[in-house]
Amino acid sequence: MTKSLFPGFDGLMSLSRREGVDVRPTLLRVLTDLYVQAPTHSDDEQRQFIELATRLIDQVDDATRAAVKAKLAIYPQTPVPVLQKLGLVATQEGRRVPLAREIRSSPQAASPARTPTDAELRMAANMAMQPKEAAEIHDMFFRADATQRALVLYNLAQTPLKAAPRIPTVRAKRAIQILEMAAIANDVENFTYELGDSLILPSRVAAQIVDDAGGEALAVAARALDMPSPNFQRILLFFKPEIGTSVDAVYRLSRLYDRLSDRSALVMLAAWRGSTLAVTRAKYQSSLHDSERQRARTGANQTRPGVQPGSATAVRTGTDGSDR
């Protein structure tokens, strides 16, 4: 099970320890999701899950451990050693420990409205991005290599160009769930449709983002949705196997994603939207230009009378009607 999905598991773990990119929470969540999807498992699958899960449970944060614990507590085929590791089974008796009821947190008082700073007020009056500028940023990003793309995104955070508005929280959360399910199912069509629909992008641009081999465009789109880092990593592992099986690629994109600012992503989103308007304008301008030339040629080819009014020689006659 794990070998086919994560051939670079040991490499990712060593990289996590060496470089500080902690992928262990993501790996444990993915392993758990895969395990609970099947009603039964072979002895080899159980052995591998026990080995990996018990190894990772002590190495992840409390939020990840709680999420995994909630899923495995209601799954009937969870191995006993994993249940014991999570405190769901008494060590001696081998029985499940009843789960305590959820403690409802008291409602928090709404924080008072904060006065925007001078920098934020200046940012709110940013220059609107023209279609030509948007198209140039769009083309420059997709033509660049990985290093150049990181530099472009860094510079976008400093630019005075106006960013796209944030995606509403409710819509963004729903999009994240749909995108993750489509990624796990490797459903490219629905993944592309949901990405374009949630970010208000035409299908052409959404497909370009999904098909981008480097993965930076997908990172920008995920950041524009305010997607949590673990969700983005799971999408990489499932939806982009050429990236998910590469230790260096996972580390590079994870680091880029964690450093990517919301403003950079939203400015790029504005450029993606504006580039479509530029393409549409160019298309219709070309059509109008062809029509003007056609009308000009038609007017030039029209037959003119051989004798223009007033150009004929006057014939004078005498009083007796004879020519003079």
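Quick caveat: nothing in here was measured; it's all calculated off a predicted structure.
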In this structure, are over 12 heavy atoms from other groups packed under 6.0 Å from Gln37 atom CD? yes
Any non-hydrogen side-chain atom of Phe238 less than 4.5 Å from a side-chain atom of Val30? yes
Tell me, do Leu199 and Leu269 make a side-chain contact under 4.5 Å, heavy atoms counted? yes
Do Ile178 and Met227 sit in the same hydrophobic cluster, where Ile, Leu, Val, Met, Phe, Trp and Tyr count as joined when their side-chain heavy atoms come under 4.5 Å apart? no
Considering only heavy atoms from C-beta outward, does the side chain of Leu201 approach that of Ile209 to under 4.5 Å? yes
Residues Glu216, Arg252: salt bridge by 4.0 Å N-O rule: yes
Check: Thr78 side chain, Leu83 main-chain N or O, donor-acceptor pair, under 3.5 Å: no
With a cut-off of 6.0 Å (strictly less than), are more than 12 heavy atoms of other residues, nucleotides or ligands near OH of Tyr193? no
Apply side chain to side chain contact (heavy atoms under 4.5 Å, CB included) to Ile137 and Trp272, showing your working. CA-CA 8 Å; Ile137 295 174; Trp272 284 339; over 6 Å; no
Rounded to the nearest 0.5 angstrom, the CZ-CG distance for Arg166 and Leu266 is 5.5 Å
With side chains defined as the heavy atoms from C-beta onward, is the minimum distance between Leu179 and Leu195 less than 4.5 Å? yes
Is the shortest distance from a Lys or Arg side-chain nitrogen in Glu51 or Arg47 to a carboxylate oxygen in the other one below 4.0 Å? yes
Nearest heavy-atom neighbours spanning Arg273 and Pro165: NH1-CD, 4.1 Å
Between Ile167 and Asp226, is a side chain to side chain contact (heavy atoms under 4.5 Å, CB included) present by the stated rule, with each step listed? CA-CA 8 Å; Ile167 308 300; Asp226 198 22; over 6 Å; no
Looking only at heavy atoms, the pair that brings Leu225 and Ala172 closest together is O-CB, 3.5 Å
What's the separation between atom CZ in Arg204 and atom OG in Ser275, rounded to the nearest 0.5 Å? 5.5 Å
Greater than 12 external heavy atoms within 6.0 Å of Asn186's CG: yes
Closest non-hydrogen atom pair, Ala163 against Arg263: CB-NH1, 3.8 Å
pair Asp58-Lys85: side-chain heavy atoms closer than 4.5 Å: yes
Side-chain touch Thr32/Leu72, heavy atoms, less than 4.5 angstrom: yes
Backbone N/O of Ala213 and side chain of Lys240: donor-acceptor pair under 3.5 Å: no
Worked check of side chain to side chain contact (heavy atoms under 4.5 Å, CB included) between Phe49 and His41: CA-CA 10 Å; Phe49 181 71; His41 296 278; over 6 Å; no
Side chains of Asp212 and Gln208: any donor to acceptor distance under 3.5 Å? no
Whether Tyr75 and Tyr35 hold their rings parallel, tilted or perpendicular, with breakpoints at 30° and 60°: perpendicular
Does the Gln148 side chain pair with the main chain of Asp145, one donor and one acceptor, at a distance under 3.5 Å? yes
Heavy-atom distance under 4.5 Å between the side chains of Pro228 and Ile176, does that happen here? yes
Lys/Arg N to Asp/Glu carboxylate O, Lys173 vs Glu180, below 4.0 Å: no
Identified side chain to side chain contact (heavy atoms under 4.5 Å, CB included) counterpart of Val68 within the set Leu28, Asp33, Val60: Leu28
Distance check, rounded to the nearest 0.5 Å: Leu27 atom CG versus Thr64 atom OG1? 10.5 Å
Roughly how far, to the nearest 0.5 Å, is the CD atom of Gln177 from the CG atom of Asn231? 9.0 Å
Side chains of Arg223 and Asp262 in contact at under 4.5 Å (non-hydrogen atoms): yes
How close do Leu256 and Ala150 get, counting heavy atoms only, and between which atoms? CD1-CB, 4.3 Å
Using the salt bridge (charged side-chain N to carboxylate O under 4.0 Å, His left out) rule, take Arg171 and Asp197 through it: C-alpha gap first, then chi angles, then the decisive distance, then the call. CA-CA 10 Å; Arg171 179 68 182 93; Asp197 187 61; 2.8 Å; yes
Distance from Phe191 atom CZ to Leu218 atom CG, nearest 0.5 Å? 5.0 Å
Between Ser264 and Leu156, the two heavy atoms sitting closest are O-CD1, 3.9 Å
Closest contact, heavy atoms only, Gly215 versus Ile243: CA-CD1, 4.0 Å
Are Arg255 and Asp258 within salt-bridge range, i.e. N to O under 4.0 Å? no
If you measure from CZ on Arg149 to CG on Leu153, what distance do you get to the nearest 0.5 Å? 9.0 Å
Apply the test side chain to side chain contact (heavy atoms under 4.5 Å, CB included) to residues Thr26 and Leu236: give CA-CA distance (whole Å), side-chain angles for both, the deciding distance (0.1 Å), then the verdict. CA-CA 11 Å; Thr26 296; Leu236 284 181; over 6 Å; no
Honestly curious: do Tyr154 and Met140 fall in one hydrophobic cluster under the side-chain, below-4.5 Å linking rule? no
